[in-house]
Trainee: 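Let me begin by handing over the structure; questions about it come next.
Note that these values count all heavy atoms, side chains included, but never hydrogens, waters or copies made by symmetry. This one's a predicted model, so the numbers in the text were calculated from it and none came from an experiment. The chain is numbered in sequence order, starting from 1.
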Amino acid sequence: MAAQNTQSAVGGSNQPAPAHITTLKVDFTWKKFQALITGQANPPDPRYIVHFQGIKSPHIIVKSADDTITIGDGTLHPVSINAEYEVRGRAGKLKALKRFQTQYTHLSQAYSDDDSLATMTWTSSCGFKTWDFICLDEKQNPVAKFSANAWALNKIGTIEFLGPKATSLAARDEIVVIGLTLFYCMLLRTTSILSFFGAIIARPGSLENDKSA
């Protein structure tokens, strides 16, 4: 992975994001085969550009709004139901907690209150129109929700940030990269027979052994 450990175009990684930005919109452009993530201002204010690579890894690359700085990336696998990501130079794993349910975990630096890594949990709920991916902190409080439009071809969905770190730029970068990685990991799982067999042979569980990394 090749994410650059640099500051984004809207500030340093430990600076708060503008207070009014608690929800981002994700729109896909077929012409350029990329997604534009914007705030809800009118006109929309670009925050990230997401590039997709079908075969070459990493498969998801999140860049700054001016397309010059790599914020992070995500890598999927044809068989394994786990995924890898990198956010601002720090690599991590998005690991399944269940074989046939959308329950994943990752270790967070942005949501930690000390030098250790915080264990985060992702769950999901699916309705007729939306597929919601909810990120919970160590106390099982929701900190973010990625609501994907089940039938949309362009307007992929929205990412909502919750709780005391809703305006943290570091938290926002992390959720955007890992949330998109999880979404496309689950899309792959729902459309690939290889992922089905990957779930059968998977060894789901926590990342506690990696917490000191």
Side-chain angles (χ1 to χ4, degrees), residues 1 3 5 8 13-17 21-24 26 37 47-48 50 58-60 62 71-77 80-126 131-148 157-189 199 202-213:
M1 301 183 192
N5 189 14
S8 81
S13 61
N14 56 1
Q15 294 181 5
I21 299 181
T22 55
T23 302
L24 299 176
V26 187
I37 299 179
R47 295 292 163 177
Y48 304 93
V50 186
H59 304 102
I60 302 163
V62 180
I71 305 298
D73 58 53
T75 298
L76 313 179
H77 302 284
S80 173
I81 60 174
N82 300 321
E84 282 78 44
Y85 64 86
E86 186 170 305
V87 181
R88 293 193 171 278
R90 183 183 175 277
K93 177 182 288 187
L94 186 59
K95 187 177 182 181
L97 293 170
K98 301 287 185 179
R99 286 186 174 89
F100 297 105
Q101 298 179 29
T102 309
Q103 292 188 27
Y104 277 78
T105 183
H106 81 273
L107 298 178
S108 171
Q109 194 170 53
Y111 285 95
S112 174
D113 294 324
D114 51 39
D115 293 334
S116 64
L117 299 175
T119 301
M120 312 296 284
T121 305
W122 288 85
T123 64
S124 78
S125 62
C126 187
W131 192 359
D132 293 333
F133 298 87
I134 302 167
C135 184
L136 309 173
D137 64 14
E138 290 190 305
K139 296 180 180 179
Q140 296 300 290
N141 296 316
V143 298
K145 181 174 73 171
F146 178 20
S147 296
T158 60
I159 304 174
E160 183 180 1
F161 302 90
L162 311 166
K165 294 194 176 183
T167 58
S168 164
L169 181 57
R172 191 180 76 185
D173 288 347
E174 183 178 293
I175 291 296
V176 166
V177 172
I178 299 175
L180 285 172
T181 300
L182 175 59
F183 172 56
Y184 285 101
C185 177
M186 291 308 301
L187 280 184
L188 177 63
R189 289 188 60 182
R203 295 183 178 180
S206 68
L207 291 167
E208 288 301 316
N209 292 336
D210 300 328
K211 234 182 165 181
S212 60

Trainee: Give me the atom names and distance for the closest heavy-atom approach of Ala202 to Ile81.
Mentor: CB-CD1, 3.7 Å
Trainee: May I have the step-by-step check of side-chain hydrogen bond (donor to acceptor under 3.5 Å, both in side chains) for Glu174 and Ser108, ending in yes or no?
Mentor: CA-CA 8 Å; Glu174 183 178 293; Ser108 171; 2.6 Å; yes
Trainee: Could you give me the CA-CA distance, side-chain angles and deciding distance for Val50 and Leu180, then say whether side chain to side chain contact (heavy atoms under 4.5 Å, CB included) is met?
Mentor: CA-CA 9 Å; Val50 186; Leu180 285 172; 3.7 Å; yes
Trainee: Side chains of Arg172 and Phe161: does their closest heavy-atom pair fall under 4.5 Å?
Mentor: yes
Trainee: Does a side-chain heavy-atom distance below 4.5 Å link Val176 with Leu24?
Mentor: yes
Trainee: Does any non-hydrogen side-chain atom of Thr22 lie less than 4.5 Å from one of Glu160?
Mentor: no
Trainee: How close do Ala144 and Ile175 get, heavy atom to heavy atom, and via which atoms?
Mentor: CB-CG2, 3.7 Å
Trainee: Could you tell me the separation between the OG1 atom of Thr23 and the CG atom of Leu162, rounded to the nearest 0.5 Å?
Mentor: 8.0 Å
Trainee: Name the orientation class of the two ring planes belonging to His106 and Trp122 (parallel below 30°, tilted from 30 to 60°, perpendicular beyond 60°).
Mentor: tilted
Trainee: Considering only heavy atoms from C-beta outward, does the side chain of Ile159 approach that of Phe133 to under 4.5 Å?
Mentor: no
Trainee: Mind checking ring pair (Phe, Tyr, Trp, His ring centres under 6.0 Å) for Tyr48 and listing every partner two or more places apart, or none if nothing turns up?
Mentor: none
Trainee: Testing the basics here: between Ser206 and Thr105, what is the closest heavy-atom pair and its distance to 0.1 Å?
Mentor: CA-CG2, 4.5 Å
Trainee: Any idea which heavy atoms bring Tyr104 and Cys185 closest together, and the distance?
Mentor: OH-SG, 3.7 Å
Trainee: Among Val26, Ile134, Thr158, which residue satisfies the side chain to side chain contact (heavy atoms under 4.5 Å, CB included) criterion with Ser147?
Mentor: Thr158
Trainee: At what distance, to the nearest 0.5 angstrom, does OG1 of Thr123 lie from NZ of Lys145?
Mentor: 11.0 Å
Trainee: Among pairs that include at least one residue of residues 95-110, which meet salt bridge (charged side-chain N to carboxylate O under 4.0 Å, His left out), considering only residues two or more places apart or in two chains?
Mentor: none
Trainee: Return yes if some donor-acceptor pair links the side-chain N/O of Glu138 with the main-chain N/O of Thr119 below 3.5 Å, else return no.
Mentor: yes
Trainee: Is the shortest side-chain heavy-atom distance between Leu136 and Val143 below 4.5 Å?
Mentor: no
Trainee: Report yes or no: do Ser112 and Asp114 form a side-chain donor-acceptor pair below 3.5 Å?
Mentor: yes
Trainee: Is the closest side-chain heavy-atom distance between Tyr85 and Thr75 below 4.5 Å?
Mentor: no
Trainee: Is it the case that the side chain of Asn82 and the backbone of Ala96 share a donor-acceptor pair, with hydrogens and angles ignored and the cut-off at 3.5 Å?
Mentor: yes
Trainee: Answer yes or no: is there a side-chain heavy-atom contact under 4.5 Å between Ile60 and Val177?
Mentor: no
Trainee: Can you give me the closest heavy-atom contact between Ala199 and Arg189, atom names plus distance?
Mentor: CB-NH2, 3.8 Å
Trainee: Under the side chain to side chain contact (heavy atoms under 4.5 Å, CB included) test against Met120, which residue among Asp137, Leu107, Leu94 passes?
Mentor: Asp137
Trainee: For Thr102 versus Ser124, what's the shortest heavy-atom pair and its separation?
Mentor: CB-OG, 3.1 Å
Trainee: For residues Trp131 and Leu187, determine if any side-chain heavy atom of one lies less than 4.5 Å from a side-chain heavy atom of the other.
Mentor: yes
Trainee: Check whether more than 12 heavy atoms from other residues, nucleotides or ligands sit under 6.0 Å from atom CD of Gln109, and answer yes or no.
Mentor: no
Trainee: Hey, are Asp173 and Arg47 close enough for a salt bridge, meaning a charged N less than 4.0 Å from a carboxylate O?
Mentor: no
